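The figures that follow rest on heavy atoms only: side chains count, while hydrogens, waters and symmetry mates do not. Proteins get letters first, then strands, A, B, ... in listed order; numbering begins at 1 in each. Keep in mind that what you see is a predicted model, and the values were worked out from it rather than measured.
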Amino acid sequence: MKTSEAIAHLVRQALESAQKSGDLPPAGDVEVIIEKPKQAEHGDFSSSVALSLTRAMSMAPMKIAEQIAVHMPASRLVTGVSVAAPGFVNFTISSDWLIGQIEEIMNAGQTYGNTADGSGQRVQVEFVSVNPTGPLHVGHARGAVLGSSIANVLQAAGFEVQREYYVNDAGAQMRVFYDTLYARFMQAAGQDVPLPDPAYPGEYLADLARDLFHENPGLIDAGEESIRATISPLALDRTLAEIRSVLETLRIQYDNWFYESALTETGTLAKTLEFLEKSGYIVERDGARWFRTTAFGEEEDDVVIRSGDQVPTYFGTDLAYHYDKFLIRHFDRVVNVWGADHHGHVSRLKAAVTALGGDPEDLTIILNQIVSFKNEGETVRFSKRKGNIVTVEELVSEVGADACRFIFLSRTPNAQMEFDLALATRQSSENPVYYVQYAHARLAAILRNAEEQGLSSEGADVSLLVHGAELELLRRLVELPDVVHRSARNLEPHHLPYYAMELAKTLQRFYEQCRVISDEPGDLPLTKARLRLVEAAKTVFARTLDLMGMTAPERM
RNA sequence: GCGCCCGUAGCUCAGUGGAUAGAGCAUCUGGCUUCGAACCAGAGGGCCGGGGGUUCGAAUCCCUCCGGGCGUACCA
């Protein structure tokens, strides 16, 4: 349960009751926002609703706040309500309620933190979707981590999530890929076939072609067409398999791999064009077919079917792809995670969704800004074209999947970021990744020790938990549902690592101040109670790390 | 030129229109005979890029300027 939502509910009741009794004037609909004050002396939660009602009620904010306080219904959750200038209402959470949450956490286990925000709506999250022409480049890692975490968080928030990779196996890039592959294959056979222009540079394709040649040496006499027909799909499968396995090292898995070529093969493309033609959004001009983006206030129309070869452009298949997402597969919402260099496509794709009869609000495009990589202060930008490729595989083996995820995750997507390889690699206290994991490992160690001594939390009386550090830890633990809610609502998983650090900080303070396993026989009840708290804390840590796609180590 | 994103502590970054703007790292001062010191307690460090506006209240919204990044194809 979201604590802030529960308090907001009480405040709404208080407002209603105050208005019913005439203590406050009517004011129409108000949004009751509950937040966590920065200063502890302002309580556990606070609301500025009185301040925002000043105008509507034409009353002094302090008076409104006082009436809210007076009319607050009794509850197990809130013990203290106070009013502070210039018109805040501050709330204190009862320790009874907090202690009761330990059992909530234990019962929920790895579902703790889940919310019902999504109410089962079907959401598709599409991310990475890099052309399968070679290994994943470091530049793609951020979108991968971001997309998968968004999916995690949406799932936790009660959405039915599908993770999808859009395989661009049909465009011009792929033709270049196949042409290069063929030339490399022939070269591997010792034939003097020049590289096409343009061609894919780099060792990857040469290696791949060589492998394919050694596996199928007899193929060389079959003629170009038949060679291509054999090696092209093999190369695609192999490249995709490699992409898939690298993503798996980052703990990313997909529910669906959607092939662009399927859009033409199943007739979806034709159906989409027909659909849009009927409503007048597709027109023919200069031998090409255009989508009338200008009908949606954009400056220029966009080609969907090129003149000459009559091949669909990327945007052309993208139209069909989104027709498929919304009109065939009927997703309630679609989230696409793109690199910021694609931002020029956002508005026209939104226009397309509108033209397809959908609500552009149902399509959210998250753009992640580029990452510049740094090594001890020296900035390097990697570029596929320049040939100095650094792959995701290299990055993960260098830095580790957990650190990678944590670092990429702790920035808002729309801010550029610097990734310091040296810093990320350093496994010291400089790196907050390990601080968080260490906290989990420490909890695991305590539970191990307890078990060795034959101690358990069995029959614990948690009402013995009255120490400030214990309650502080509990207050932090029960924030997780709110963090999930906020991350899902704004599609901003970067709140998770910050929460995780706060959680770890609070845990360490608890650890310093409250010894869990006591040697004194008389302390047994308290030991049991604290073990129960430790179990709950470990559960929340594990869940938080899981949402971030990180491991929760028992030992480090 | 036009469009989008960013500018917050020495560095890397958080910050839901709210109260005295925060964290990690770095720097400095303390703390291990007890469950893991990958830890804890504390200190210093800021015209929130500049200037206008909106309002009870702005780092946050609007305008404008400056600085940086990315786009601006019948490429994907």
Side-chain angles (χ1 to χ4, degrees), chain A residues 4 33-39 41-42 46-48 51-52 54-55 60-61 84-88 90 130-131 133 168 170-174 176 198 260 286-290 299-300 302-309 311-318 339-347 367-370 372 374 377 407 410-420 423 426-435 437-439 441-450 453 486 489-490 494-495 497-498 501-502 504-505 508-509 511-519 527 530 534 555-556:
Chain A
S4 61
I33 293 169
I34 302 296
E35 55 200 352
K36 216 179 120 83
K38 286 169 204 143
Q39 265 72 41
E41 68 260 30
H42 293 140
S46 78
S47 178
S48 58
L51 286 157
S52 53
T54 310
R55 182 171 291 241
F88 291 100
N90 297 331
V130 174
N131 287 346
T133 54
N168 294 108
Q173 296 287 333
M174 283 315 285
V176 175
E260 181 185 358
D286 307 330
R289 295 163 91 184
W290 303 69
E299 285 186 4
E300 287 174 344
D302 291 287
V303 172
V304 290
I305 301 288
R306 301 197 303 219
S307 60
D309 59 11
V311 165
T313 61
Y314 173 80
F315 182 56
T317 45
D318 227 17
D341 52 340
H342 290 68
H343 84 252
H345 305 271
V346 173
S347 55
L367 298 171
N368 63 91
Q369 297 293 321
I370 58 153
S372 58
K374 232 172 87 169
I407 293 166
S410 30
R411 272 77 170 164
T412 56
N414 49 8
Q416 288 160 233
M417 68 171 284
E418 291 201 359
F419 192 109
D420 193 319
L423 176 62
R426 222 169 286 154
Q427 305 209 351
S428 70
S429 58
E430 289 174 50
N431 199 330
V433 182
Y434 304 104
Y435 181 71
Q437 291 185 313
Y438 181 68
R442 178 168 256 178
L443 291 167
I446 294 174
L447 293 175
R448 266 197 308 274
N449 292 340
Q453 297 175 37
R486 216 175 124 198
R489 188 191 53 192
N490 303 331
H494 72 271
H495 298 302
Y498 286 94
M501 276 193 282
E502 298 281 346
K505 186 87 189 160
Q508 301 290 11
R509 267 198 277 260
Y511 177 85
E512 286 294 319
Q513 295 178 45
C514 301
R515 196 186 162 75
V516 176
I517 299 170
S518 168
D519 298 333
T527 294
R530 285 183 170 166
V534 165
R555 288 191 163 84
M556 287 176 72

Heavy atoms under 4.0 Å, any strand shown: does A/N90 hit a base, just sugar-phosphate, or nothing? base

Measure the spacing between CZ of A/R530 and CD1 of A/I517 and express it to the nearest 0.5 Å. 11.5 Å

Is it the case that the base of B/A73 and the side chain of A/D302 share a donor-acceptor contact (distance under 3.5 Å, atom types as modelled)? no

My understanding is that a pair needs two contacts under 3.5 Å, Watson-Crick or G-U wobble. By that rule, which nucleotide pairs with B/C35? none

For A/K505, the side-chain hydrogen bond (donor to acceptor under 3.5 Å, both in side chains) test, sequence neighbours excluded, returns none

Is there a stack between A/Y438 and B/G36, judged by ring centres under 5.5 Å and planes under 30°? no

Phosphate oxygens OP1/OP2 of B/C35: is one of them under 4.0 Å from a side-chain N or O of A/R530? no

Residue set satisfying side chain to side chain contact (heavy atoms under 4.5 Å, CB included) with A/V176, at least two apart, ordered chain then number -> A/T180, A/P198, A/Y200

Per the atom types in the model, does the base of B/C74 pair as donor or acceptor with the side chain of A/T313 at under 3.5 Å? no

Out of B/A41, B/U20, B/C4, whichever nucleotide has its closest atom nearest the side chain of A/Q39: B/U20

Where protein sits on nucleotides 54-59 of chain B, one letter per nucleotide: B base, S sugar-phosphate only, - none, heavy atoms under 4.0 Å: -SB---

Return the nearest nucleotide to the side chain of A/Q508; candidates are B/C4, B/G24, B/C40. B/C40

Identity of whatever pairs with B/A26 - Watson-Crick or G-U, under 3.5 angstrom: none

Could you give the distance separating B/U55 and B/A38 at their C1' atoms, to the nearest angstrom? 48 Å

Counting any heavy atom closer than 4.0 Å, what does A/R555 reach on the DNA or RNA strands: base, sugar-phosphate only, or nothing? base

Hits for side chain to side chain contact (heavy atoms under 4.5 Å, CB included) against A/T313, two or more places apart or cross-chain, chain-then-number order -> A/V303, A/R306, A/F315

Identify whether any heavy atom of A/H495 sits under 4.0 Å from a base atom; if not, whether one sits that close to sugar-phosphate; answer base, sugar-phosphate or nothing. sugar-phosphate

Can you check nucleotides 10-13 of chain B for protein contacts, nitrogen or oxygen pairs under 3.5 Å, and list what you find?
unit_1, atom_1, unit_2, atom_2, d
B/U12, O2', A/R411, NH2, 2.2
B/C13, OP1, A/E418, N, 2.4
B/C13, O5', A/R411, NE, 3.4
B/C13, O2', A/Y498, OH, 2.3

Between CD1 on residue A/I446 and OG1 on residue A/T527, distance to nearest 0.5 Å: 11.0 Å

The criterion is side-chain hydrogen bond (donor to acceptor under 3.5 Å, both in side chains); which residues satisfy it with A/R486, sequence neighbours excluded? none

Point-to-point distance, once rounded to the nearest 0.5 Å, from CZ of A/R411 to CD of A/E418: 9.5 Å

What nucleic acid atoms does A/A288 come within less than 4.0 Å of, heavy atoms only: base, sugar-phosphate, or nothing? base

Using a 4.0 Å heavy-atom cut-off, does A/S518 contact any base of the nucleic acid, only the sugar-phosphate backbone, or nothing at all? nothing

Considering just the side-chain nitrogens and oxygens of A/Y511, establish if one lies under 4.0 Å of OP1 or OP2 belonging to B/A37. yes

Whole Å only: how far is the NZ atom of A/K36 from the P atom of B/A19? 15 Å

Would you classify A/E41 as touching base, sugar-phosphate or nothing, given that sugar-phosphate means primed atoms plus P, OP1 and OP2, and contacts are heavy atoms under 4.0 Å? base

Considering residues at least two apart in sequence or located in another chain, which fulfil the side chain to side chain contact (heavy atoms under 4.5 Å, CB included) criterion with A/A340? A/Q369

With A/P312 via side chain to side chain contact (heavy atoms under 4.5 Å, CB included) - residues at least two apart: A/L269, A/I305, A/T317

Nucleotide N/O of nucleotides 28-33 of chain B paired with protein N/O under 3.5 Å:
none

Answer for the Watson-Crick or wobble partner of B/U72, both distances under 3.5 Å, is B/G1

Using the P atom as the reference point in each nucleotide, state the distance between B/A9 and B/C70 in Å, no decimals. 23 Å

Taking the same atom, C1', in B/A58 and in B/G53, what whole-Å distance lies between them? 11 Å

How would you label the contact of A/A445 with the nucleic acid (heavy atoms, under 4.0 Å): base, sugar-phosphate, or nothing? base

Of the nucleotides B/G36, B/C75, B/G18, which has the atom closest to the A/E35 side chain? B/G18

Tell me, please, which residues at least two apart from A/S48 pass side-chain hydrogen bond (donor to acceptor under 3.5 Å, both in side chains). none

Rounded to whole angstrom, note down the C1' distance from B/G18 over to B/C13. 23 Å

With a 3.5 Å cut-off and just heavy-atom distances, do the side chain of A/H342 and the base of B/G71 make a donor-acceptor pair? no

Any heavy-atom pair between the side chains of A/E260 and A/M174 that's under 4.5 Å? no

Check whether any side-chain nitrogen or oxygen of A/K505 sits under 4.0 Å from OP1 or OP2 of B/C40, and answer yes or no. yes

Using Watson-Crick or G-U wobble geometry with both distances below 3.5 Å, tell me the partner of B/C56, or none. B/G18

Is A/H494 stacked on the base of B/A14, with ring centres under 5.5 Å apart and planes under 30° apart? no

For A/D302, which residues count as a side-chain hydrogen bond (donor to acceptor under 3.5 Å, both in side chains) partner, sequence neighbours excluded? A/T293, A/R348

Indicate, with a heavy-atom threshold strictly under 4.0 Å, whether A/A441 touches base, sugar-phosphate, or nothing. base

Tabulated below should be each protein N or O lying under 3.5 Å from an N or O of nucleotides 60-62 of chain B; please produce it.
none

Relative to its sugar, using the 90° cut-off around 0, the base of B/C66 is anti

